[in-house]
Amino acid sequence: MAARRITLGIDLGTTSVKAALLGAAPDDPSGFEVLASCARAARAEAAAESVVAEPQGREQDVSRILQALNECLAALPRQLLRRVVGIGVSGQMHGVVFWKTGQGCEWTEGGISPVLVPRAVSRLVTWQDGRCSSEFLASLPQPKSHLSVATGFGCATIFWLLKNCPEFLKPYDAAGTIHDYVVAMLCGLPRPLMSDQNAASWGYFNTQSQSWNVEILRSSGFPVHLLPDIAEPGSVAGRTSHVWFEIPKGTQVGVALGDLQASVYSCMTLGTDAVLNISTSVQLAASMPSGFQPAETPDPAAPVAYFPYFDGTYLGVAASLNGGNVLAMFVHMLVQWTADLGLEVEESMVYSRIIQAAVQQTDTHLTITPTVLGERHLPDQLASVTRISPDLSLGHVARALCRGIVQNLLSMLPVRQLQEWGVQRVVGSGSALSRNEVLKQEVQRAFPLPVSFGHDVDAAVGAALVMLRRNLSQKES
């Protein structure tokens with residue numbers, strides 16, 4: 001037991017921060033065990049720093065995200081943290097945060113050990129940001145990439161800031177996703193590093209040449225000095241510059257991964273698996289065969305995109321903007337309606353009650369298309385409710401909403417397409433799915449394939465597993 005290598009995985013999600021400690025399985029060199037895990041709500045939503053971005057802006061306070069991260073680490077067993085030999089980090093893709101090199105954070109005494117506190121850093125503009133209208137996106141240069149650019153993508157956000165409030169960018173000389181920022185701060189990197197997984201999620205990145213569209217961007221006045229350097233996913237970004245919650249100084253830290261890829265990595269045990277992740281948003285992903293290369297030009301109307309995975313391979317992904325966030329909107333709406341009637345009720349109680357009602361209502365004729373946020377390939381689409389009958393109840397609505405979330409995803413990536421790709425099993429993961437029995441039932445109802453379910457901390461586990469396998473391969477060599 002004393003010789004077991006332990007790695008820490010961190011996932012910086014939209015609504016929560018998760019951490020997991022992994023160790024190699026003692027009886028299976030290729031297996032692993034989750035030794036401990038923790039999750040904390042981020043509660044990081046904040047008003048947009050630029051008034052011009054309201055009401056479509058969606059931003060988060062970096063200090064609250066790091067506070068949730070510190071709380072997660074503090075809750076893990078200290079005797080295991082002392083033995084950590086590698087740290088893997090994943091997080092919400094597409095978003096962008098800016099900081100000043102050398103001043104992005106400071107290490108302050110937090111009791112047990114120093115903790116990270118943000119300093120010269122902006123708010124995180126998240127993937128949910130809607131400030132880039134269809135008209136604005138149409139005015140941007142065509143990328144030399146197989147992936148389209150959408151609102152909430154890092155490069156689109158930077159273009160918007162450049163046009164609407166260029167003074168905002170002046171104090172900063174570095175940018176990345178929130179997980180790129182954390183890796184840079186842990187290691188004291190002079191320049192941020194970004195995996196192709198996250199670079200592709202920003203837009204204007206060519207996955208085949210592994211390079212940014214620098215000339216296209218520069219010719220449009222884009223501040224190309226903000227683009228991070230590219231590193232291979234699974235490689236080491238650097239080493240921790242301080243002792244951190246008993247984790248030794250000098251511990252290897254991996255280049256930050258996309259949360260989608262990390263979730264898939266932890267769940268996909270066979271190449272014939274598809275991974276369905278339902279958290280704040282929803283993704284359905286399957287691995288493409290070795291040697292697959294996507295089309296050279298983007299198709300903005302295509303509901304399936306191809307994202308980099310590991311070792312030059314790709315995932316075919318249907319990524320819906322409407323997932324657990326739609327359920328949260330429904331709960332908030334019910335709470336607000338109740339308040340309008342002069343009554344008060346807790347959101348947590350409402351959530352549990354609507355799930356109970358839907359469990360008892362095993363079927364419904366009610367149909368809900370839950371696309372209140374539109375979709376990247378249909379940005380102007382709204383939600384709808386049809387087939388309303390006289391026996392409408394809360395159970396009918398909750399059941400139909402959960403069914404609609406699953407069916408909307410399958411309208412983007414039908415089961416037939418999965419089967420043509422050779423998929424034989426679906427593995428479910430994500431926080432919204434793990435705590436919602438009705439969503440699980442609707443997933444099982446929708447797929448004529450075997451379905452299994454993972455855990456709430458799958459992305460953190462995947463990030464840790466990448467580092468664990470790297471360390472074990474180093475040990476063998």
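Quick note: numbers below take in every heavy atom, side chains included, and nothing from hydrogens, waters or symmetry partners. Nothing fancy with the numbering, it's 1 onward along the sequence. As the structure is a prediction and not an experimental result, all values here were calculated from the model.
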Indicate the atoms forming the closest heavy-atom contact of Glu33 with Arg4, along with that distance. OE1-NH2, 2.9 Å
Are the side chains of Pro379 and Thr151 in contact, using a 4.5 Å heavy-atom criterion? no
Check for a donor-acceptor pair, side chain of Glu246 on one end and backbone N or O of Arg78 on the other, with a separation under 3.5 Å. no
In terms of heavy-atom contacts, does CZ of Arg445 have more than 12 from other residues, nucleotides or ligands at under 6.0 Å? yes
Pairwise distance OG(Ser241) to NZ(Lys249) - rounded to 0.5 angstrom: 7.5 Å
Quick one, Asp458 with Asn277, criterion side-chain contact (heavy atoms from CB on, under 4.5 Å). Give me CA distance, side-chain angles, the key distance, then yes/no. CA-CA 9 Å; Asp458 286 325; Asn277 182 74; 5.8 Å; no
Nearest-0.5 Å distance, CD of residue Gln283 to CG of residue Leu321: 9.5 Å
Hey, does the Lys NZ or Arg CZ of Arg376 hover above the aromatic six-ring of Phe153, less than 6.0 Å from the centre and inside 45° of the axis? no
Quick one: does Tyr351's side chain have a donor or acceptor within less than 3.5 Å of a partner on Leu327's backbone? no
Starting from the C-alpha separation in whole Å, work towards a yes-or-no answer on side-chain contact (heavy atoms from CB on, under 4.5 Å) for Trp127 and Thr280. CA-CA 11 Å; Trp127 60 271; Thr280 305; 3.8 Å; yes
To the nearest 0.5 Å, atom CZ of Arg399 lies from atom CG of Leu439 at 9.5 Å
Run the side-chain contact (heavy atoms from CB on, under 4.5 Å) test on Leu409 and Leu276 for me, step by step, so that the C-alpha distance in whole Å, both residues' side-chain angles and the decisive distance to 0.1 Å come before the verdict. CA-CA 10 Å; Leu409 189 68; Leu276 169 63; 3.2 Å; yes
Short side-chain donor-acceptor distance under 3.5 Å, Tyr306 and Thr207: no
Decide if the gap between the ring center of Trp212 and the ring center of Phe205 is smaller than 6.0 angstrom. yes
Taking all non-hydrogen atoms of both residues into account, name the closest pair between Ala175 and Pro192 and its distance. O-CG, 3.5 Å
Let me see the working for Val182 and Leu186 under side-chain contact (heavy atoms from CB on, under 4.5 Å), right down to the final yes or no. CA-CA 6 Å; Val182 167; Leu186 284 175; 4.0 Å; yes
Without swapping roles, check the side chain of Ser266 against the backbone of Ala463 for a donor-acceptor pair under 3.5 Å. no
Side chain proximity check, Met268 to Ser287, heavy atoms < 4.5 angstrom: yes
dist Leu8:CG -> Leu73:CG (nearest 0.5 Å) comes out at 6.0 Å
So, Thr240 side chain and Gly250 main chain: donor-acceptor pair closer than 3.5 Å or not? yes
Applying the side chain to side chain contact (heavy atoms under 4.5 Å, CB included) test to Leu284, which of Val304, Leu418, Ile278 qualifies? Leu418
In Å and rounded to the nearest 0.5 Å, what is the CZ to CG distance from Arg353 to Leu394? 10.5 Å
Quick one, Thr313 with Asp311, criterion side-chain hydrogen bond (donor to acceptor under 3.5 Å, both in side chains). Give me CA distance, side-chain angles, the key distance, then yes/no. CA-CA 6 Å; Thr313 63; Asp311 302 318; over 6 Å; no
Tell me if a side-chain donor or acceptor on Asn408 pairs with a main-chain N or O of Gly404 at a distance below 3.5 Å. no
Thr269 side chain to Arg425 side chain, donor-acceptor N/O pair below 3.5 angstrom: yes
Please lay out, stage by stage, how Thr177 and Asp180 fare under the test side-chain hydrogen bond (donor to acceptor under 3.5 Å, both in side chains). CA-CA 5 Å; Thr177 65; Asp180 295 322; 2.8 Å; yes
Just wondering, are more than 12 heavy atoms of other shown residues or ligands nearer than 6.0 Å to CD in Glu346? no
Which atom names give the shortest non-hydrogen contact between Ala305 and Phe307, and what distance separates them? CB-CE1, 3.8 Å
When every non-hydrogen atom of Leu334 is compared with those of Val350, the smallest separation belongs to CD1-CG1, 3.9 Å
Could you pull out the closest heavy-atom pair between Ala286 and Val423, with the gap in Å? CB-CG2, 3.8 Å
Does the Ser90 side chain pair with the main chain of Asp259, one donor and one acceptor, at a distance under 3.5 Å? no
Check whether any side-chain heavy atom of Leu22 sits under 4.5 Å from a side-chain heavy atom of Val461, and report yes or no. yes
Validation row: His179, Val183 side chains within 4.5 angstrom (heavy atoms): no
Here the gap from Gln60 atom CD to Glu45 atom CD, rounded to the nearest 0.5 Å, amounts to 5.0 Å
Could you pull out the closest heavy-atom pair between Val438 and Ala358, with the gap in Å? CG2-CB, 3.5 Å
Given side chains that start at C-beta, do those of Thr7 and Phe32 come closer than 4.5 Å, heavy atoms only? no
Which residues share a side chain to side chain donor-acceptor pair (under 3.5 Å) with Tyr309, sequence neighbours left out: none
